[in-house]
Amino acid sequence: MELLKGRLGVPGHMVRRIDVAGAGGVRLAAWEFTDPPKIGGGLEEGEQRPGVLLLHGLMGRASHWAVTARRLSARHRPVALDQRGHGRSEKPAEGPFDREAYVDDAIAAIEQLGLAPVALVGHAMGALTAWQLAARRPDLVSALVICDMRASALGAASQREWTEWFRSWPVPFATLADVRKWFGEDDPTLERPRPARGEFFAEVMAERADGWRPVFSRRQMLSARETWVHDAHWEELAQVPCPALVVRGLDAELGRAEAQEMVRVLPRGAYAEIPDAGHLLPWEQPDAWCAAIEPFLHAATMPA
């Protein structure tokens with residue numbers, strides 16, 4: 001267990017790393033944002049803050065959630081998990097990187113950190129993990145936020161596109177400025193410049209002898225993705241009993257019609273849409289994102 005200051009993207013704040021034993025003994029790094037609740041934050045003296053587990057998407061890491069976690073920490077106990085193959089967590093050479101492993105890892109984190117009943121906030125792959133967990137272990141989950149993850153099957157073509165995209169990366173990058181520029185401006189898959197995307201990818205690079213390279217294995221990322229792109233996940237959505245909020249950006253990968261159908265399928269679904277945002281909406285529009293999820297989480301997790 002470590003106490004670190006000024007890490008995870010917010011200078012001067014405290015964060016504590018806690019190692020968690022995931023499925024099969026895989027070592028996972030969880031990061032608890034430890035600032036005390038603000039005066040007037042809505043908690044009575046001695047009242048426990050309800051837990052929130054933040055789950056990043058494919059290629060993400062816990063540090064991406066720093067701003068969201070700080071905003072939530074006045075009323076909640078936010079913990080971000082580096083999922084297997086990502087961030088500071090173990091990257092087992094042979095996996096597994098299937099859906100069951102990711103769900104089991106998140107369950108292990110909830111139980112070992114004493115977070116239940118927990119609100120799950122997931123982005124992309126992390127959102128799928130969150131709703132699969134909520135369907136399988138409703139006793140552990142108080143609320144669910146799904147950020148830009150489709151319930152429909154994406155298909156084999158999508159996996160081929162990702163394989164080609166990974167091959168197009170000009171690694172190693174000479175500098176972090178090159179990372180920001182390529183992912184934020186020069187990536188041929190971009191329709192327009194997205195500076196927040198450049199910052200997002202700069203966060204998942206590490207300096208090696210020959211330059212800057214991703215902290216994850218692209219082969220492992222494809223292995224993880226392979227386990228969900230060919231299947232639809234509507235049935236599991238219908239099995240989520242807790243309040244659930246589906247959030248999308250106007251230019252996100254999850255279209256409006258599919259998002260609204262997800263809300264209809266969820267037994268207690270709600271919908272929020274953020275303009276001027278794409279797939280990385282929590283980082284492109286952090287104020288609008290937090291304004292959408294904070295009242296939902298407060299209503300769903302605080303005692304009446």
Side-chain angles (χ1 to χ4, degrees), residues 55-61 64 83-86 91 94-103 122-132 135 146-171 173 179 182-194 196-198 200-201 204 213-238 246-266 271 273-274 277-284:
L55 298 171
H56 61 73
L58 195 73
M59 303 182 294
R61 65 186 305 170
H64 283 139
Q83 295 172 82
R84 63 174 56 209
H86 296 77
K91 302 165 179 65
E94 302 306 319
F97 295 102
D98 55 24
R99 290 284 79 223
E100 185 174 3
Y102 281 104
V103 172
H123 175 250
M125 179 191 76
L128 177 58
T129 300
W131 87 62
Q132 289 178 327
I146 296 169
C147 179
D148 204 43
M149 181 63 190
R150 298 184 61 185
S152 299
L154 302 181
S158 171
Q159 192 73 343
R160 288 194 298 270
E161 289 167 5
W162 270 67
T163 302
E164 291 303 313
W165 179 58
F166 277 148
R167 287 175 181 159
S168 76
W169 291 16
V171 290
F173 294 91
V179 173
W182 195 83
F183 287 101
E185 300 177 28
D186 297 342
D187 183 344
T189 64
L190 282 176
E191 294 181 0
R192 61 183 175 88
R194 290 192 177 274
R197 189 174 186 261
F200 184 95
F201 279 97
V204 292
R213 292 179 177 272
V215 298
F216 50 79
S217 156
R218 285 170 284 176
R219 178 185 60 81
Q220 290 184 349
M221 296 301 99
L222 285 173
S223 296
R225 198 172 185 274
E226 182 74 29
T227 65
W228 87 72
V229 295
H230 303 288
D231 302 315
H233 308 284
W234 294 98
E235 187 174 333
E236 291 153 309
L237 275 180
V246 177
V247 188
R248 66 175 291 271
L250 201 58
D251 302 320
E253 295 178 9
L254 173 62
R256 179 180 289 158
E258 184 174 348
Q260 292 177 344
E261 181 63 12
M262 289 169 67
V263 172
R264 190 192 68 79
V265 168
L266 285 159
Y271 178 68
E273 185 172 285
I274 296 174
H279 180 59
L280 298 177
L281 62 98
W283 304 282
E284 293 177 320

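The figures that follow rest on heavy atoms only: side chains count, while hydrogens, waters and symmetry mates do not.
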If the condition is side chain to side chain contact (heavy atoms under 4.5 Å, CB included), which residues does [X] pass it with, not counting sequence neighbours?
X    : value
A101 : R84, P96, D98
V263 : V246, Y271
A156 : R160, H230
A151 : W131, W234, L237, E258, M262

Provide the full list of salt bridge (charged side-chain N to carboxylate O under 4.0 Å, His left out) pairs with a residue in residues 213-238, sequence neighbours left out, each pair given once.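 Sorted pair list: D210-R213.
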Return the [atom1] to [atom2] distance between [X] and [Y], rounded to the nearest 0.5 Å.
X    : Y    : atom1 : atom2 : value
H64  : L280 : NE2   : CG    : 8.0 Å
Q83  : H56  : CD    : NE2   : 4.0 Å
I146 : L266 : CD1   : CG    : 5.0 Å
S168 : W182 : OG    : CH2   : 3.5 Å

For W162, what residues pass the ring-ring contact (aromatic ring centres under 6.0 Å, His included) criterion, not counting sequence neighbours?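 If we apply the ring-ring contact (aromatic ring centres under 6.0 Å, His included) test to W162, skipping adjacent residues, the hits are W165, F166.
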With sequence neighbours excluded, tell me which residues meet ring-ring contact (aromatic ring centres under 6.0 Å, His included) with H123.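 Only H279, W283 meet the ring-ring contact (aromatic ring centres under 6.0 Å, His included) criterion with H123.
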For [Y], does its backbone N or O pair with a side-chain atom of [X] as donor and acceptor, under 3.5 Å?
X    : Y    : result
Q159 : L222 : yes
D148 : L254 : yes
Q220 : G95  : no

So, F173 versus F201, ring centres under 6.0 angstrom or not?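 No, too far apart.
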For [X] and [Y], work out which heavy atoms get closest and say how close.
X    : Y    : result
K91  : V215 : CE-O, 2.9 Å
G249 : L281 : N-CD2, 3.1 Å
G85  : M221 : O-CE, 3.5 Å
M149 : A127 : CB-CB, 3.8 Å

Is any side-chain heavy atom of [X] less than 4.5 Å from a side-chain heavy atom of [Y]?
X    : Y    : answer
E185 : L190 : no
T227 : F97  : no
M125 : R99  : yes
L58  : H86  : yes

Show your working on side-chain contact (heavy atoms from CB on, under 4.5 Å) between Y102 and Q132 and close with a plain yes or no. CA-CA 10 Å; Y102 281 104; Q132 289 178 327; over 6 Å; no
Under the salt bridge (Lys or Arg N to Asp or Glu O under 4.0 Å) rule, collect the residues that match up with R194, sequence neighbours excluded.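 By the salt bridge (Lys or Arg N to Asp or Glu O under 4.0 Å) rule, R194 matches D251, E284.
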For E164, what residues pass the side chain to side chain donor-acceptor pair (under 3.5 Å) criterion, not counting sequence neighbours?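 Residues passing side chain to side chain donor-acceptor pair (under 3.5 Å) with E164: R167.
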